[in-house]
Every structure is written in structure tokens, then in C-alpha cells.
Amino acid sequence: MNITLPDGSVLAMDAGASTYDVAGKIGPRLAGAAIAGKVQADGQEIIVDLHAPLPGDCKLTILTTDDTNPDSLHVLRHSTAHVMAEAVCELFPQTKLVYGPPVEDGFYYDLDLDRSLTPDDFEKIEAVMQRIIQEDRPFVRYELPRSEALPKLEKEGNRYKLDNAERADGDMLSFYVTGESRGQGFEDLCRGPHLPRTGRIGAFKLRQVSGSHYRGDVNEKALQRLYGTAFFKPKALKEHLRQLEEARARDHRAIGRELDLFSIDPEVGSGLVLWHPKGAIVRMLLENFLKFEMLLRGYRPVYSPNIGQLNLYRRSGHYPYYRDSQFPPLYETDRGRTLLSLLQTLERVPAHAGPQRDEAFARARQLADAAVAVWGEIPGLADAETPETMITVIDRELQQEDGYLLKPMNCPHHVHIYKSQPRSYRDLPIRYFEFGNVYRYEQSGELSGMVRVRGFTQDDAHLFCTPDQLLDEMRSTIQLTLTVLDAVNLTDYRVRVGLRDPDSSKYTGSPESWDQAEEKIRAAVGESGLNATEERGEAAFYGPKIDFVVRDCIKREWQLGTIQVDYNLPERFDLTYIGRDNRPHRPIMIHRAPFGSLERFVGILIEHFAGAFPLWLAPIQVAVVTISDKSEAYAREVYDALVRAALRVEVDVSSDKIGPKKHRCRALKIPYILVIGEQEAAEGTVNVNDREGRSLGNFSLQKFVDGCLLEIATRGKKLES
RNA sequence: GCCACCGUAGCUCAGUCGGCAGAGCAGCGGUUUUGUAAACCGCAGGUCGUCGGUUCGAAUCCGACCGGUGGCUCCA
């Protein structure tokens with residue numbers, strides 16, 4: 001058979017030769033470093049065990065102990081997961097293994113184990129893992145036909161593995177033994193591939209344990225998910241741990257406190273951000289920047305209230321669709337409020353049968369009886385025998401009640417501004433923008449600093465246009481988003497096109513309008529030359545979207561801006577414009593938010609810059625610090641001059657030495673620190689230092705100010721000496 | 001919402017077996033008048049998240065709740 005290597009050369013091998021054989025033919029060093037093969041044949045790409053016979057003519061990439069190759073790491077980590085599983089089973093024999101895949105930067109294994117693992121157990125597990133690695137046991141694959149494998153698993157009494165096996169493809173199921181042969185050592189149902197031997201695991205570390213559920217189903221048994229990571233070379237592991245440390249040091253929650261940017265106070269409410277002056281100025285500057293860019297592009301500002309009629313959101317679909325993740329409605333009547341309490345009481349009734357469920361349901365019934373006694377019969381309530389059917393009844397009843405909802409989205413309000421008068425095709429496109437505050441009741445476990453909150457401000461806008469204008473509007477929206485990302489130096493991004501999942505019923509609107517919208521999105525993305533991937537099932541419920549996923553300077557991904565095409569809300573709200581033909585037509589809406597949310601965006605920027613904002617965004621741009629109070633008068637002169645130049649300045653004339661003063665300024669990430677002593681006063685200069693600790697020398701005051709103004713105006717051009 | 005872990009001064013953290021609540025930084029008052037990564041002395045700062053229980057005695061043990069962190073699920 002002919003094996004084509006990545007450089008295009010072709011090796012003739014005997015049938016049945018393995019990746020190892022190919023590597024050996026190329027050179028002994030390669031054979032020594034090889035761990036698996038990546039095979040391309042018949043248009044498919046699979047990774048195979050090092051010693052597995054190759055399928056015939058194919059393209060082969062030999063995977064080696066290369067810490068920069070994701071495929072190599074994938075195999076390594078998968079195997080390390082097996083070693084960890086074996087160690088856990090050895091220490092805790094009652095463990096049932098569930099599922100242990102490699103993930104982005106490590107691996108995990110889901111375990112069904114009654115005793116909860118703690119970080120104290122990690123050392124013990126790691127010690128056993130280390131021993132298994134030192135034993136340098138082979139990973140040996142064997143296969144059984146389903147008819148043999150299933151009874152074998154059944155006998156082992158592990159329902160998860162049995163379930164995995166039943167759902168696996170193919171007639172043959174594979175197992176891996178960590179040992180010489182079947183029956184001699186730990187084994188696990190596994191698709192593979194694996195390292196040739198445990199000794200190839202160079203460095204690993206258990207990182208954390210957390211909860212999970214079998215197949216992500218919260219009704220399934222709670223499992224423990226034990227996370228770890230592995231590398232071929234200890235140095236790579238060390239580097240990885242250093243990066244995690246770096247990420248921790250950049251945590252916006254810590255920096256936000258240190259730099260006094262924002263706080264989140266439980267007395268105010270979980271997930272509700274208090275912007276302190278220094279955080280607020282960053283946000284304001286970003287808002288002003290975007291406002292300017294939008295006004296230039298024909299957007300018009302609008303403002304709308306923070307709440308709206310429940311019926312508005314019933315009509316838009318937001319309320320029924322996202323009811324669970326909204327703050328409860330403010331019903332206007334006592335009846336509505338009581339029924340809401342009843343509904344919430346019912347929702348807290350445990351799903352599993354038992355005395356707790358019975359008791360909770362009995363309490364709910366009492367409340368229901370009281371409601372009926374006061375407000376009269378509720379159709380269907382008397383027949384409802386389970387909490388679930390009662391919820392349906394009350395839910396239906398509540399749909400008749402009027403009330404208000406904290407707005408979860410701005411679009412319905414903007415839609416009504418559009419509807420406030422008849423529109424002509426000549427008016428279009430209409431572009432409304434608003435930094436709108438929206439509220440969503442995120443699950444408590446989801447809240448995280450500024451990046452996942454319950455109240456936030458969207459840099460929202462809605463564009464209403466004709467079908468002819470759609471593509472142009474999308475193009476310019478994409479350009480605006482790129483302008484925004486460029487301005488804050490988030491230039492490493494990918495674009496995700498979220499399409500509907502045709503098998504799901506969660507979407508609103510006709511398949512035809514979806515097809516149209518998806519086609520337009522594809523066209524706009526295609527034209528703009530963006531490097532985009534399409535993902536099924538990632539659309540919003542009313543339309544497909546383009547998401548900008550940025551990578552920050554330590555390679556973490558964040559979803560920021562979004563652009564959504566919407567044929568559905570115009571339909572639901574019966575939006576029209578009068579066309580050239582003097583007949584009504586349906587406009588198309590674009591929802592877009594380049595920042596996404598100001599909270600999240602600023603949170604991410606804090607981490608991206610590690611608190612060291614570029615000059616144009618820095619809460620304090622310049623610090624003036626004196627050597628001694630002999631120079632205080634000149635320092636104040638300098639301060640006044642900088643303030644007159646509209647720079648954000650602080651002055652420190654305290655009696656500390658210059659060392660600690662500078663230290664404090666640097667801790668606050670102030671871009672420029674001006675040291676003022678008798679020499680500077682005599683010369684009329686300032687001694688410029690940056691927050692990295694570099695001294696940039698002495699500048700005339702005017703030259704320094706000009707430099708700053710230029711750097712601000714260009715959003716980043718550095719001061720030249 | 002679920003699972004695990006955590007909650008001591010404004011911040012970072014110590015507090016052994018259940019036996020008087022601790023340090024550094026920040027703050028305040030003084031001394032020092034200083035030339036580039038933390039001068040010196042002093043003072044003040046606490047219902048140990050909250051509530052309940054066990055105990056002669058609880059920061060410490062137990063329970064509930066609140067909050068946080070990590071993950072699961074979710075993310076218009």
C-alpha cells in the first residue's frame with residue numbers, strides 16, 4: 001500500500017503496516033517520538049493507535065510527543081484520563097466510571113462515586129497515577145462484537161458504560177486494557193485512540209472536581225467530574241499552569257476592586273453592577289466613541305423605559321420563550337399576584353415522587369383553594385391532579401392577567417417607535433440606537449462578576465429596511481463591529497454564523513423567512529471576507545445571527561458583538577412601510593450590538609488589558625508626583641495645565657518618598673507618571689515615566705501634553721521621545 | 001436551579017485539640033523634606049456572613065439560610 005506523507009512523498013509499505021512501521025522506515029528518532037497516526041482516506045480523517053494496521057492507501061501524519069499539536073495532546077489527555085480513572089478505581093473501588101473525554105486544555109472523567117472527592121484526594125490519586133506511568137504499561141486495544149460486549153458490560157453492572165455501548169456506532173465495540181493483555185490490568189470501554197504506553201505521559205496535574213449530570217440531564221444522577229491536564233514535557237505543563245496563574249491575575253473581579261472600577265453588593269442584589277466613577281468613565285468613553293460612530297452612519301438615538309406591558313413581550317415572543325430567565329412579572333391585580341405565587345409554589349414542588357413532593361403539593365393546593373375561595377372557580381383547576389397539570393392551568397389563567405415586565409430586550413420598544421407613524425420606503429432604512437438597560441434573571445450559578453449579570457446595558461440598535469437594502473445594511477453593520485473591535489485592540493477574533501437547527505421547534509416564523517435570512521447572512525459574511533464558521537442550532541429564536549468571538553491577549557475566547565437578521569418581529573408586530581407601488585410591505589429588522597453588553601465588554605477589556613487601559617480609556621491618565629514639597633507649587637501648575645488640556649489627572653504631594661508614590665501609581669495602572677522635583681521646576685519640564693517602570697526622560701510640559709492628546713486622538717499611537 | 005468547595009478588619013490572609021481575635025497592606029495622627037518598585041513611630045479598625053443547635057465555653061462541631069468561587073444546565 002502507498003502511504004502519502006505530509007510533504008507529499010509516498011512510501012510503499014506492506015499491507016498491515018502500522019504508523020509505527022512507517023515512522024521506523026523514515027527514521028528511528030521519529031519512531032521513538034511517534035504516538036499515533038492521523039490517517040486520511042476516503043475523505044475521512046481519523047486518528048489511529050500507533051500500532052494499528054493502516055487501512056491501505058492513505059495520507060498519514062505521524063503524531064509525535066509534540067506539546068503544540070492539538071491532535072497529539074488529544075491522544076495524550078485521553079490516555080491520561082484512563083490512567084486517572086484507574087487510579088480512582090484503585091483508591092475507591094466502588095467507583096463507577098461514566099465518561100472521560102479530552103477537552104480543550106485537559107481532560108475530565110465523570111465518576112459515579114458516593115464519597116465526594118476533595119482536593120486533598122488529588123495527591124493520593126496523582127501518586128497512584130505516577131506509579132502507573134512509571135510501570136510504563138501498554139495500552140492494548142481489543143474488540144468484541146456487540147453480542148459479546150453488551151453482556152460483558154451488563155455483568156459488570158455499570159449502567160453508564162452499557163448505555164454508552166448501546167449508543168455507540170458499529171458492530172464491534174472496542175476496549176482498552178492498560179496492561180499487557182486482556183484481563184491483566186485496568187480496562188475501559190473506549191473508542192480510542194490511545195498512547196502506546198503509559199510512560200509517554202510526561203507531566204500531568206489534577207485541577208479540580210465539580211458536579212455534572214449523566215449526559216447533561218439534571219434529572220439524572222449527580223456525578224463528580226474530575227478535571228486534569230497533561231503534557232508530554234513538564235515544561236509545557238509548567239507554562240500552562242503559569243498561564244492559568246496569569247489569567248487569575250487578570251481576573252476583572254479582583255482588578256475591578258483594586259482599581260475601584262465597580263462593585264457588586266449583595267445588599268443591592270446578585271448580578272447587579274455598581275459602576276464606580278473610575279469604571280463609569282471607561283464605560284462612558286466607550287459609549288461616546290460608539291455613539292459618534294453610529295451618528296456618522298445615520299443611526300438616530302432613542303430612549304425607552306425600563307419596563308413595558310407584559311402583553312408587549314407576549315406579542316414579541318420574549319416572555320413566553322424566556323419566561324424562566326426573567327424577573328417575575330409585576331401583575332397589576334391581586335388575583336394575578338396570587339396566581340403568580342401559586343405558580344411559583346407549584347414550580348418548587350419536587351419532581352420526584354415521595355413525601356416531600358406530596359407535602360409541597362398539598363401546600364400548593366391550599367393556596368389554590370384560597371385563591372378559588374376569593375376569586376372564584378378557575379377552569380380546569382379542580383381536575384388538575386398533579387403539580388404539572390396545575391401549572392399548565394395556572395399558566396393559562398395568568399395569560400389573561402395584565403402586568404408589567406422589566407424589559408428583557410429593547411426591540412419591542414423600538415418596534416413601537418417605528419409603528420408610531422406610517423412609514424414610506426423613502427424613510428428606510430431607519431436605524432434606532434439606545435444604550436438600553438435590560439434585566440434577565442440569570443440562574444444564580446451562572447452569575448460571574450461583570451461578565452454574567454442580571455441587569456446590563458446593551459449597545460442596542462434596530463435597523464428597519466427593505467429587502468433591497470438588507471445586504472448593504474448588514475455589510476455596514478459588520479464594518480461597524482470591526483471598527484469597534486479594532487479601536488480597543490481586540491483584533492484576534494473569529495466569526496460564528498448561528499443558524500437554526502431544522503429539527504428543533506424552538507424557533508418562531510416560517511421556514512421560508514428563515515431560509516431567506518440565512519441566505520442573506522451567508523452572503524454578507526461571504527462578501528466581507530470574514531473567516532466564519534457556521535453552527536447549526538446557534539440562532540436566536542427569531543432569526544439567524546453573526547457572533548463575533550474574540551480572543552483576548554491570553555487566548556481566551558469571548559462572545560461579544562452580535563448581528564441578527566429578523567423577519568419575524570416585523571411579522572408579529574405587523575410592521576409595514578408603503579412601497580413605491582403604493583402598497584404596504586413588510587420591513588426586515590436587523591438587531592445588532594457591537595459591544596454586546598457594556599458590563600460584559602468592560603469586564604473583558606479589564607482582563608484583556610490586565611487593568612492597564614490604553615490612554616484614551618484610562619480612568620486616570622496622568623499622575624503628578626512630587627519629590628518633596630519644595631516642588632509642590634510647580635506640581636500644581638503642571639496639574640492645572642493638564643486639566644485644562646482635558647486630561648484626567650491626579651496629583652500626589654504627600655510627604656512620602658518618590659519610590660512608594662510611584663509604586664502606588666503603577667499599582668493603579670496610571671499610564672503616565674510625572675515626577676516633579678526642583679530640577680523640573682527650574683526647567684519647566686516634566687519627568688515622564690510609564691506604568692511598566694520605564695523612564696521616558698524629561699519633556700517640556702507642552703510637548704508632553706501634545707503627545708498625550710495625539711495618543712488619545714489616535715487611540716494608541718505612543719508618545720515618541 | 002443542581003453538585004462541590006469557601007465566607008475572620010476596607011484588601012490579602014493566619015488562627016493548632018472547642019478555652020482572652022491576630023499580622024501585613026490600606027486608613028488616621030505624628031516624625032522625616034525625600035530623585036524613581038513600598039522610610040519610621042503611634043492610633044484606630046471585628047456581633048469571625050446570618051440565624052438556630054450542641055457545649056460550662058463555639059471563629060472552630062452540627063443544621064438551615066444568605067453570599068461567593070469552580071463546574072453542570074442555560075444564555076434573546
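In what follows, chains are A, B, ... by sequence order, proteins preceding strands, each numbered from 1.
- Between the Arg77(A) side chain and the Ala230(A) main chain, a donor and an acceptor come within less than 3.5 Å of each other.
- The side chain of Ser212(A) lies closest to C72(B) when the candidates are C72(B), A76(B), U34(B).
- When the side chain to side chain contact (heavy atoms under 4.5 Å, CB included) test is applied to Thr345(A), the partners found at least two apart in sequence or on another chain are Ala364(A), Leu367(A).
- Both thresholds, 5.5 Å between centres and 30° between ring planes, are not jointly met by Tyr321(A) relative to the base of A76(B), so the two rings are not stacked.
- The residue Ile658(A) sits close only to the backbone: its heavy atoms come under 4.0 Å of sugar-phosphate atoms, none of a base.
- Judged by atom type and distance alone, Glu692(A) does not reach the base of A37(B) through any side-chain donor-acceptor pair under 3.5 Å.
- Where pairing requires Watson-Crick or G-U contacts shorter than 3.5 Å, the helical stems of RNA chain B with at least three consecutive pairs are B:1-7 with B:66-72, B:10-13 with B:22-25, B:27-31 with B:39-43, B:49-53 with B:61-65.
- Every residue meeting the side chain to side chain contact (heavy atoms under 4.5 Å, CB included) condition with Arg431(A), not counting sequence neighbours, appears here in chain and number order: Tyr299(A), Pro429(A), Leu463(A), Glu473(A).
- Gly659(A) comes within 4.0 angstrom of sugar-phosphate atoms only, judged by non-hydrogen atoms across all strands, and of no base.
- Judged as a ring-ring contact (aromatic ring centres under 6.0 Å, His included), and not counting sequence neighbours, the contacts of Tyr507(A) are Trp514(A).
- Remark: the separation of the C1' atoms in G52(B) and G15(B) is 25 Å, to the nearest Å.
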Tabulated below should be each protein N or O lying under 3.5 Å from an N or O of nucleotides 66-69 of chain B; please produce it.
| residue | atom | partner | partner atom | Å |
| --- | --- | --- | --- | --- |
| G68(B) | OP1 | Ser270(A) | OG | 3.3 |
| U69(B) | OP1 | Arg253(A) | NH1 | 3.0 |

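- Across C66(B) and U50(B), the matching C1' atoms stand 7 Å from one another, rounded to whole Å.
- The same atom, P, is picked in A21(B) and in G46(B); the two are 14 Å apart, to the nearest Å.
- Using a 4.0 Å heavy-atom criterion, one finds that Lys545(A) contacts the sugar-phosphate atoms exclusively.
- Checked by distance alone, Ser325(A) brings a side-chain donor or acceptor within 3.5 Å of a matching partner on the base of A76(B).
- By the salt bridge (Lys or Arg N to Asp or Glu O under 4.0 Å) test, Arg257(A) is found to be paired with no residue, residues two or more places apart in sequence or in another chain being considered.
- A salt bridge is defined here as a Lys NZ or Arg NE, NH1 or NH2 lying under 4.0 Å from an Asp or Glu carboxylate O, and Arg323(A) with Asp395(A) meets this definition.
- By the 4.0 Å N-to-carboxylate-O rule, Lys278(A) lies too far from Asp260(A) to be salt-bridged with it.
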